[in-house]
There are 2 protein chains.
Amino acid sequence: MEAKKTFFNLPEEKQKRVLETALEEFSEKGYQGASINLIVSRLGIAKGSIYQYFNNKKSLFLYIFDYVVELVRKRLKRVKEETKEAPTFERIRRSLLAGVDFIEHHPSIYRGYLKMMFEREVPFRQELLRKIRLFSSDYLTSLLMEGRDRGEIRKDVDLETMVFLLDAVMDRFLQAYAVSYLDSGLHLHQATRPEIEKRIGELVGVLQQGIGR
Amino acid sequence: MEAKKTFFNLPEEKQKRVLETALEEFSEKGYQGASINLIVSRLGIAKGSIYQYFNNKKSLFLYIFDYVVELVRKRLKRVKEETKEAPTFERIRRSLLAGVDFIEHHPSIYRGYLKMMFEREVPFRQELLRKIRLFSSDYLTSLLMEGRDRGEIRKDVDLETMVFLLDAVMDRFLQAYAVSYLDSGLHLHQATRPEIEKRIGELVGVLQQGIGR
DNA sequence: TTTAATGATGACCAGGTGGTCATCATCCAT
DNA sequence: ATGGATGATGACCACCTGGTCATCATTAAA
C-alpha cells in the first residue's frame, strides 16, 4: 500500500510531475535528507496535498523506488538481448557502455542509488539493496555461464568469484564516471566518449587476461 | 584551526573520550546525521562545553577526520614494510587481509568512510576523499611497479588501469565484508577467517590470470 | 583576601523537520 | 437547487537541529 487512491485519480501528467520532482529530491539529498517541504514547495502545491497522495515520507520513497527499479530492469533486459550473439567480453564492454549511457540520461538516479547504499535510515534498505544486487548478479552470472558454454570463460574457477570481480569493477567504473574523485588514475569523471570507450577496452582486456606474468 | 586551546588544556583521557564518542556518532550517522546534542549527552557534559573545545560541528568533524587518517596511514605503511620481501600477489593478499583486520578492530571507522563517500554535506568531501584515494592509489601503484621490476606483473598494460582494477576489487571486498548485502554470491559479511582467506586466495588468483580462455 | 583567568553550564534562540486536520472549492448526481 | 463526495489548503503541532551567552564554580596569582 504505497500510494493512496487519490494519487491515481490525478491526471497522469500531474502524477508524473510529482514523481519526478520527488525523485530528484531523494536522489540529491538521500532519504533522510530529502525535505517534504521542499518537494511540495517546488511542486507549487500545499503541504497537505502530498499527504493525500501518500501516507508518509516512507510510502512516497518506496513508490519512487519501485518506479526506478522497473526502469533499470527494462534497460538491463534490453541490453542483454541486443548483445545476445556477441562474444562474452564484447557483451561486457557493451554492458558497461550501457551503464554509462544510463547515467548520462538519468544522472540523479544513479547518484541516488549510491547515496542510499550506505545511508542508515533508508526504509528496508537491506531488502532494497539486495534486490538491486540480485539484478546485477543474475545478469552477470548468466552472461558468464553462456560464455563458459562457448568456451570463452575459464572453467577451473569458481563462478561466484568471477561474478564478484566483474560486479566490483563495473560498479566502480560507473561510480568513478558518476561522482569524480573515485577514479584512482584514470580520469573517468565526465570524460569524453572516446576516452571512456578506450578505458573500457583496456579494463576488459585486463579482466580477460589478468595482470600477472 | 580545528580545535580551540581549551580542548588541549583538557586532561588527555578526557580529550580521548570526547574524540572517541564523537567519532562513534559521526561514523554511525554520517556528517549531516550526527547530532551534537547526542554527543554531549552521551559524554555527560553541557552543550556549551563542546563549543568551548571546537568552534562548530565542522571543526569537530575535521579534527576527527585527521585523527582517523593518521591511524590508517600508519597501518598501511606498516603492512607495506612487513611484506617487503614477499612476491607481489602475496603482498596483495596480505594487504586485503590487513584491511579485514582493520575493520575488525575499528568497525565504525570503515563504515563512516563509506557513509561520507556519497553524502553531500560533508565539508570538503572532495578534498578529503581525494586524500584517501591517493593513499590507496599510491600504495597500489608502488606495489605494482615493484612487481613489474621483478617480472611478476605484465608490462604491456597501462599501469593505471591495473591500479584501478585492484583498487576497485579490494575496496569492494572490504565493503562486502563490512556491510553485508554487497557481496553478490560470496558471503563475505562476517564470514569466518578461513572462509575469508579462501575467498581472498581465489580472488587474487583470478586477478592474476584473468577470467578469459 | 582579593583579583583575574579559565572552564562548565543550560536556558534560550531561530529555523527546520514530518505530519495533522478543520475548512474550503469544485464538481456531479440526484 | 441541494447534498454528497473528493481534492486542495495552510495554519498548526511537537520535536529536533546547531549555536549563543550571561552566569556560575574553581583555581591560581597578587
Side-chain angles (χ1 to χ4, degrees), chain A residues 1-19 21-23 25-26 28-65 115-116 119-124, chain B residues 1-19 21-23 25-26 28-65 115-116 119-124:
Chain A
M1 217 63 34
E2 287 164 6
K4 292 186 177 180
K5 346 79 207 157
T6 310
F7 179 70
F8 297 111
N9 293 344
L10 259 39
E12 271 203 45
E13 337 159 348
K14 184 160 186 181
Q15 287 186 35
K16 185 154 191 176
R17 223 170 69 82
V18 170
L19 233 149
T21 306
L23 168 58
E25 175 71 1
F26 276 115
E28 217 59 45
K29 313 271 190 71
Y31 175 76
Q32 183 95 294
S35 162
I36 299 286
N37 287 332
L38 265 182
I39 293 175
V40 295
S41 125
R42 212 165 283 159
L43 279 169
I45 66 176
K47 179 85 158 281
S49 293
I50 200 120
Y51 285 97
Q52 231 144 9
Y53 308 153
F54 301 91
N55 286 313
N56 46 38
K57 194 181 185 180
K58 179 170 150 188
S59 295
L60 173 56
F61 172 77
L62 290 178
Y63 185 78
I64 289 174
F65 183 84
K115 219 153 271 155
M116 68 164 276
E119 215 183 337
R120 300 174 71 246
E121 313 292 348
V122 179
F124 308 119
Chain B
M1 218 64 31
E2 285 164 6
K4 292 186 177 179
K5 347 76 205 159
T6 311
F7 179 68
F8 296 112
N9 292 343
L10 260 38
E12 272 203 43
E13 335 159 351
K14 186 160 186 182
Q15 287 186 35
K16 185 154 190 177
R17 223 170 70 81
V18 170
L19 232 151
T21 306
L23 168 58
E25 176 71 3
F26 275 114
E28 218 60 44
K29 314 271 190 67
Y31 175 76
Q32 182 97 291
S35 161
I36 300 284
N37 288 332
L38 265 182
I39 292 176
V40 296
S41 124
R42 212 165 282 159
L43 280 169
I45 66 177
K47 178 83 157 285
S49 293
I50 200 121
Y51 284 97
Q52 232 145 8
Y53 308 154
F54 301 90
N55 285 314
N56 47 39
K57 194 181 185 181
K58 179 169 151 189
S59 295
L60 173 56
F61 172 77
L62 290 178
Y63 186 76
I64 289 173
F65 183 83
K115 219 152 272 156
M116 69 165 275
E119 214 182 337
R120 299 175 68 247
E121 312 291 348
V122 179
F124 306 119

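A note on names: the letters A, B, ... follow the listed sequences, proteins ahead of strands, and every chain is numbered from 1.
Between the CZ atom of B:F8 and the C1' atom of C:dG7 there is a distance of 16 Å, given to the nearest Å. Put simply, CG on B:N9 is 15 Å from P on D:dT27, counting in whole angstrom units. Here the C1' atom of nucleotide C:dA5 and the NZ atom of B:K5 are 13 Å apart, to the nearest Å.
Among the protein residues, B:F54 comes within range of no part of the nucleic acid, since none of its heavy atoms lies under 4.0 Å from any strand. Using a 4.0 Å heavy-atom cutoff across all strands shown, B:F7 reaches no nucleic acid atom at all.
In this structure, B:Y53 does not reach the C:dG7 phosphate: none of its side-chain N or O atoms is under 4.0 Å from OP1 or OP2.
In terms of modelled atom types and a separation under 3.5 Å, the side chain of A:K47 and the main chain of A:I36 share no donor-acceptor contact. No donor-acceptor pair closer than 3.5 Å links the side chain of A:E119 to the backbone N or O of A:G30. Although no hydrogens or angles enter the test, the distance criterion places a donor-acceptor pair under 3.5 Å between the side chain of B:Q15 and the main chain of B:L10.
Between A:K115 and B:R120, the closest side-chain pair of non-hydrogen atoms falls below 4.5 Å.
With sequence neighbours left out, A:Y51 forms a ring-ring contact (aromatic ring centres under 6.0 Å, His included) with no residue at all.
Ring-plane geometry between B:F8 and B:Y63 is classed as perpendicular, the angle between the planes exceeding 60 degrees on a 0 to 90 degree scale with a lower cut at 30.
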- Message: Protein within reach of the bases, or only the backbone? For nucleotides 9-28 of chain C, mark each nucleotide 5' to 3' as B, S or -, using heavy atoms under 4.0 Å.
- Response: BB------SBBBB-------
